[in-house]
Protein chains: 2
Amino acid sequence: MKLSTRSRYGTRLMLDMAENYNNGPIHLMKIAQRQGISVKYLEQIIIPLKKAEYVKSLRGPKGGHILAKPPEEITVGEIVALLEDGASLTECSYNEGVCERADICPTRQLWRDAAQAMFKTLEAVTLADLLEKTKANQK
Amino acid sequence: MKLSTRSRYGTRLMLDMAENYNNGPIHLMKIAQRQGISVKYLEQIIIPLKKAEYVKSLRGPKGGHILAKPPEEITVGEIVALLEDGASLTECSYNEGVCERADICPTRQLWRDAAQAMFKTLEAVTLADLLEKTKANQK
DNA sequence: ATTATTCTATACTGCAAAGTTATAGAATAA
DNA sequence: TTATTCTATAACTTTGCAGTATAGAATAAT
């Protein structure tokens with residue numbers, strides 16, 4: 001039930017891009033160095049973020065990646081749901097076909113409620129909020 | 001970030017014992033049959049539940065397992081926290097030694113808040129609550 | 001006492017997913 | 001034309017989940 005490195009690194013990746021939102025496209029190499037994560041791994045993680053149109057990219061020299069929307073409009077909940085493959089704690093949450101007992105299962109609704117409480121918390125925080133917090137922490 | 005079968009099966013195991021709380025010790029074989037889970041696996045899962053004194057056991061013929069407290073006094077949150085190895089979403093939540101950035105990390109607190117929201121939901125539900133719900137669902 | 005039954009302890013195994021790296025190719029600014 | 005950066009696909013390694021096996025200890029029933 002722990003978060004994977006995908007969503008944790010992905011959040012840091014997005015946060016790094018948020019920090020550089022006004023500096024044009026940033027290359028992954030730079031982000032990798034700053035965050036201490038391998039470029040190759042970040043290249044994997046950024047794919048779904050591009051597909052979901054949170055990130056735009058440009059190839060070639062002076063290329064790089066940049067947020068497709070301002071940091072105020074992207075929440076951590078969206079990032080985590082994307083990289084963790086859904087905002088649920090069980091397969092049965094939004095697909096009752098995977099379990100015969102789904103319709104009478106007393107815990108199914110509970111797992112759903114718990115996941116919702118968790119994601120409600122994450123969706124209340126934007127990248128801009130995290131940036132502010134970073135500055136506050138560094139003082 | 002999905003729940004493991006350990007906590008899901010563990011919850012069903014506890015729920016089965018809750019249902020039989022007034023029938024004396026139940027052997028795992030019976031529970032395994034009812035729940036469609038292998039005895040061997042349940043034997044593994046029940047160990048931490050015994051250590052944490054949620055379950056008492058008796059060996060020999062007519063032996064079996066029984067809840068150590070009434071179903072009203074055991075919450076799903078306790079079971080899940082026990083079987084998922086803590087009520088957190090990251091290793092750093094309650095052990096900052098695992099990450100250099102722990103003290104300035106802007107996401108660390110957020111992962112903690114999210115986990116807390118989730119477990120607050122799970123801790124609000126007891127085995128007795130789930131039993132009631134089961135009856136309601138079967139009507 | 002002996003036996004059948006049930007739990008207990010420990011160790012092992014298979015497999016899928018997580019995490020990571022490698023290679024080759026396509027786009028583009030200089 | 002070249003250097004640079006992203007893109008696509010595949011391969012690899014490690015870890016941990018899920019499940020099984022074996023041997024042993026306790027105890028109720030006979």
Side-chain angles (χ1 to χ4, degrees), chain A residues 1-13 17 20 23-33 35-68 80 82-86 89-91 98, chain B residues 1-13 16-17 20 23-33 35-68 80 83-86 89-91 98:
Chain A
M1 199 211 34
K2 296 286 184 279
L3 289 176
S4 66
T5 57
R6 268 170 72 85
S7 57
R8 288 187 290 111
Y9 291 1
T11 303
R12 280 164 62 193
L13 169 62
M17 285 189 280
N20 292 285
N23 304 340
I26 307 296
H27 25 287
L28 270 189
M29 177 75 89
K30 282 283 182 192
I31 300 179
Q33 283 169 354
Q35 300 295 330
I37 304 171
S38 91
V39 186
K40 282 291 160 198
Y41 197 23
L42 286 181
E43 280 172 349
Q44 295 305 315
I45 294 172
I46 210 171
I47 293 172
L49 293 166
K50 285 171 50 59
K51 281 200 180 142
E53 297 188 340
Y54 290 116
V55 176
K56 284 183 300 190
S57 309
L58 281 107
R59 300 207 232 193
K62 300 273 173 175
H65 303 274
I66 188 169
L67 294 187
V80 173
L82 193 70
L83 295 175
E84 292 286 345
D85 198 33
L89 286 167
T90 54
E91 283 307 318
V98 297
Chain B
M1 199 210 33
K2 297 286 184 280
L3 289 175
S4 67
T5 56
R6 267 170 72 86
S7 56
R8 289 187 290 112
Y9 291 1
T11 303
R12 280 164 61 192
L13 169 62
D16 195 295
M17 284 189 280
N20 290 285
N23 303 340
I26 307 295
H27 24 288
L28 271 190
M29 176 75 90
K30 282 282 181 193
I31 299 179
Q33 285 169 350
Q35 300 296 330
I37 303 171
S38 92
V39 186
K40 281 291 162 198
Y41 197 25
L42 286 181
E43 280 172 352
Q44 294 305 314
I45 293 171
I46 209 170
I47 293 172
L49 293 166
K50 282 172 51 61
K51 281 198 182 146
E53 298 189 340
Y54 290 116
V55 176
K56 284 182 301 189
S57 310
L58 281 109
R59 300 206 229 193
K62 300 270 172 178
H65 304 275
I66 187 169
L67 293 185
V80 173
L83 295 175
E84 293 286 345
D85 198 31
L89 286 167
T90 55
E91 283 307 319
V98 297

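Between Met17(A) atom CE and Ile46(A) atom CD1 the span is 4.5 Å, to the nearest 0.5 Å. Residue Asp85(A) holds its CG atom at 5.5 Å from NZ of Lys2(B), rounded to the nearest 0.5 Å. To the nearest 0.5 angstrom, Leu42(B) atom CG is 7.0 Å from Ile31(B) atom CD1.
Under 4.0 angstrom from either OP1 or OP2 of dA18(D) there lies at least one side-chain N or O belonging to Thr5(B). Between Lys2(B) and dA17(C) there is no side-chain N or O to OP1 or OP2 distance below 4.0 Å. Between dG19(D) and Ser38(B), no contact under 4.0 Å exists linking OP1 or OP2 to a side-chain N or O. One finds no side-chain N or O of His27(A) lying less than 4.0 angstrom from the OP1 or OP2 phosphate oxygen of dC6(D).
With Glu84(B) contributing its side chain and Leu3(B) its backbone, the two residues share no donor-acceptor pair below 3.5 Å.
When both distances must be under 3.5 Å, the Watson-Crick or G-U wobble mate of dA21(D) is dT10(C). Under the Watson-Crick or G-U wobble criterion, with both distances below 3.5 Å, dA16(C) is paired with dT15(D). Across all strands shown, dA4(C) is found opposite dT27(D) as a Watson-Crick or G-U wobble partner, with both distances under 3.5 Å.
For Lys62(A), counting side-chain heavy atoms from C-beta on, the closest listed nucleotide (dA30(C), dT7(D), dA18(D)) is dA30(C). Here dC7(C) is the nucleotide among dC7(C), dA18(D), dA21(D) with the atom lying nearest to any side-chain atom of Ser57(B). Comparing dA22(C), dA9(C), dC6(D) against the side chain of Lys40(B) picks out dA9(C) as the nearest. Out of dT8(C), dT5(C), dA29(C), the shortest distance to the side chain of Glu43(B) is found at dT8(C). Checked against dT7(D), dG19(C), dA18(D), the side chain of Tyr41(A) finds its nearest nucleotide in dG19(C). Distance from the side chain of Ile47(A) is smallest to dT9(D) among dC6(D), dG19(C), dT9(D). When the nucleotides dC7(C), dT21(C), dG19(D) are ranked by their closest atom to the side chain of Gln44(A), dT21(C) comes out on top.
Among the protein residues, Leu58(B) comes within range of the sugar-phosphate backbone only, with heavy atoms under 4.0 Å from sugar or phosphate atoms but none that close to a base. Ile26(A) comes within 4.0 angstrom of the backbone, heavy atoms only, and of no base. When heavy atoms are screened at a 4.0 angstrom cut-off, Lys30(A) is found touching no nucleic acid atom at all.
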